[in-house]
S.K.: 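Can you read through this structure? Questions will come right after.
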Amino acid sequence: MGQRIHFVVDPQGWCCMGLIIFIWLYNTIFIPKVILFPHYEEGNISVVAVLCYYLCSLFCIASLFRASVADPGKLPENPKIPITEQEYWELCNKCNMMRPKRSHHCSRCGHCVRRMDHHCPWINNCVGEDNHWLFLQLCFYTQILSSYTLILEFCHYYYFLPLKNEN
């Protein structure tokens, strides 16, 4: 299963992707500048905490790009249907192509996708059979990065700032 690159031309999707990348860049620059680097210089946190933050951030943006450009399982123009499986295929009334029964037509992308889950504007792509795992990976890394950021914010406001006031 070779991954093909797949781009969707959708202005709303590009706006959502741009917003996500802006928030990611803001957090990648702002959080280390305000929380990580000052507390690292004071000796409150180790270099491992800084490296873990950047590693989580890198995994998050890499999985975003992988999920957004991966082919979701787009059906080819003229699929070769085995004779034994012809009863499991049906005609799409929107694009007039033969498709497997669990496939759906995406109105945003304009084609049928095998085992389509939904069209996600945040990745500007459909979530289907071939990129479902990449979408779940993106959700996982986003949750890890968000949790790590919240923990750092909590430590900053409830542990490190009172520590400065005591000194």
S.K.: If only atom types and distance count, is the side chain of Tyr141 paired as donor or acceptor with the main-chain N or O of Ile61 below 3.5 Å?
M.R.: no

S.K.: Show the nearest heavy-atom pair for residues Cys112 and His105, with the distance to one decimal.
M.R.: SG-ND1, 3.6 Å

S.K.: Which pair of heavy atoms, one from Met17 and one from Trp122, lies closest together, and at what distance?
M.R.: SD-O, 3.2 Å

S.K.: Are any side-chain N or O atoms of Ser68 and backbone N or O atoms of Phe65, one a donor and one an acceptor, separated by less than 3.5 Å?
M.R.: yes

S.K.: Okay, side chain of Ser57, backbone of Tyr53: is any donor-acceptor separation there less than 3.5 Å?
M.R.: no

S.K.: At their closest point, which heavy atom of Cys106 faces which heavy atom of Cys109, and how far apart are they?
M.R.: SG-N, 3.4 Å

S.K.: Given the rule that I, L, V, M, F, W and Y join up when any side-chain heavy atoms are under 4.5 Å apart, are Trp24 and Leu138 in one cluster?
M.R.: yes

S.K.: Measuring only between side-chain heavy atoms, which start at C-beta, is Asn124 closer than 4.5 Å to Cys16?
M.R.: no

S.K.: With rounding to the nearest 0.5 Å, note down the distance linking NE2 in His118 to NE2 in His104.
M.R.: 13.0 Å

S.K.: Treating Ile, Leu, Val, Met, Phe, Trp and Tyr as nodes and any side-chain heavy-atom pair under 4.5 angstrom as an edge, say whether Val50 and Leu145 lie in one connected cluster.
M.R.: yes

S.K.: Mind checking whether Tyr148 and Tyr26 sit in one hydrophobic cluster, side chains of I, L, V, M, F, W, Y counted as touching below 4.5 Å?
M.R.: yes

S.K.: Quick check for you: to the nearest 0.5 Å, what is the distance between Trp89 atom CH2 and Arg99 atom CZ?
M.R.: 11.0 Å

S.K.: Can you establish whether the number of heavy atoms outside Phe140 located under 6.0 Å from its atom CZ is more than 12?
M.R.: no

S.K.: Working to the nearest 0.5 angstrom, can you tell me the gap between Gln143 CD and Cys60 SG?
M.R.: 10.5 Å

S.K.: Which value, rounded to the nearest 0.5 Å, describes the distance between Met116 atom CE and Arg102 atom CZ?
M.R.: 13.5 Å

S.K.: Can you get from Ile21 to Leu19 by hopping between Ile, Leu, Val, Met, Phe, Trp and Tyr side chains that sit under 4.5 Å apart?
M.R.: yes

S.K.: Would a hydrophobic clustering, with Ile, Leu, Val, Met, Phe, Trp and Tyr connected at side-chain separations under 4.5 Å, put Ile144 with Leu150?
M.R.: no

S.K.: Check Phe37 against Tyr54 and note the closest heavy-atom contact, atom names and distance.
M.R.: CZ-OH, 3.6 Å

S.K.: Classify the side-chain pair Glu153/Thr149 by whether it contains a donor and acceptor separated by less than 3.5 Å.
M.R.: no

S.K.: Identify the two heavy atoms, one from Asn131 and one from Ala67, that lie closest to each other, and give their separation to 0.1 Å.
M.R.: ND2-O, 3.6 Å

S.K.: For His132 and Phe135, take the angle between the two ring planes, folded into 0 to 90°, and tell me which bin it lands in: parallel under 30, tilted 30 to 60, perpendicular over 60.
M.R.: tilted

S.K.: Could you tell me whether a side-chain N or O of Asn125 sits under 3.5 Å from a main-chain N or O of Pro72, the two making a donor and an acceptor?
M.R.: no

S.K.: Just verifying a value: how many Å separate Leu91 CG and Asn96 CG, rounded to the nearest 0.5 Å?
M.R.: 5.5 Å

S.K.: Is there a side-chain contact between Glu90 and Met98 in this structure, where contact means two heavy atoms from C-beta onward sitting under 4.5 Å apart?
M.R.: no

S.K.: Which heavy atom of Lys74 sits nearest a heavy atom of Arg114, and at what distance?
M.R.: O-NH1, 3.8 Å

S.K.: Hey, what do you get for SG (Cys92) to NE2 (His111), rounding to the nearest 0.5 Å?
M.R.: 11.0 Å

S.K.: Just so I know, are the side chains of Leu55 and Leu51 near enough to count as touching, which here means a heavy-atom distance under 4.5 Å?
M.R.: no

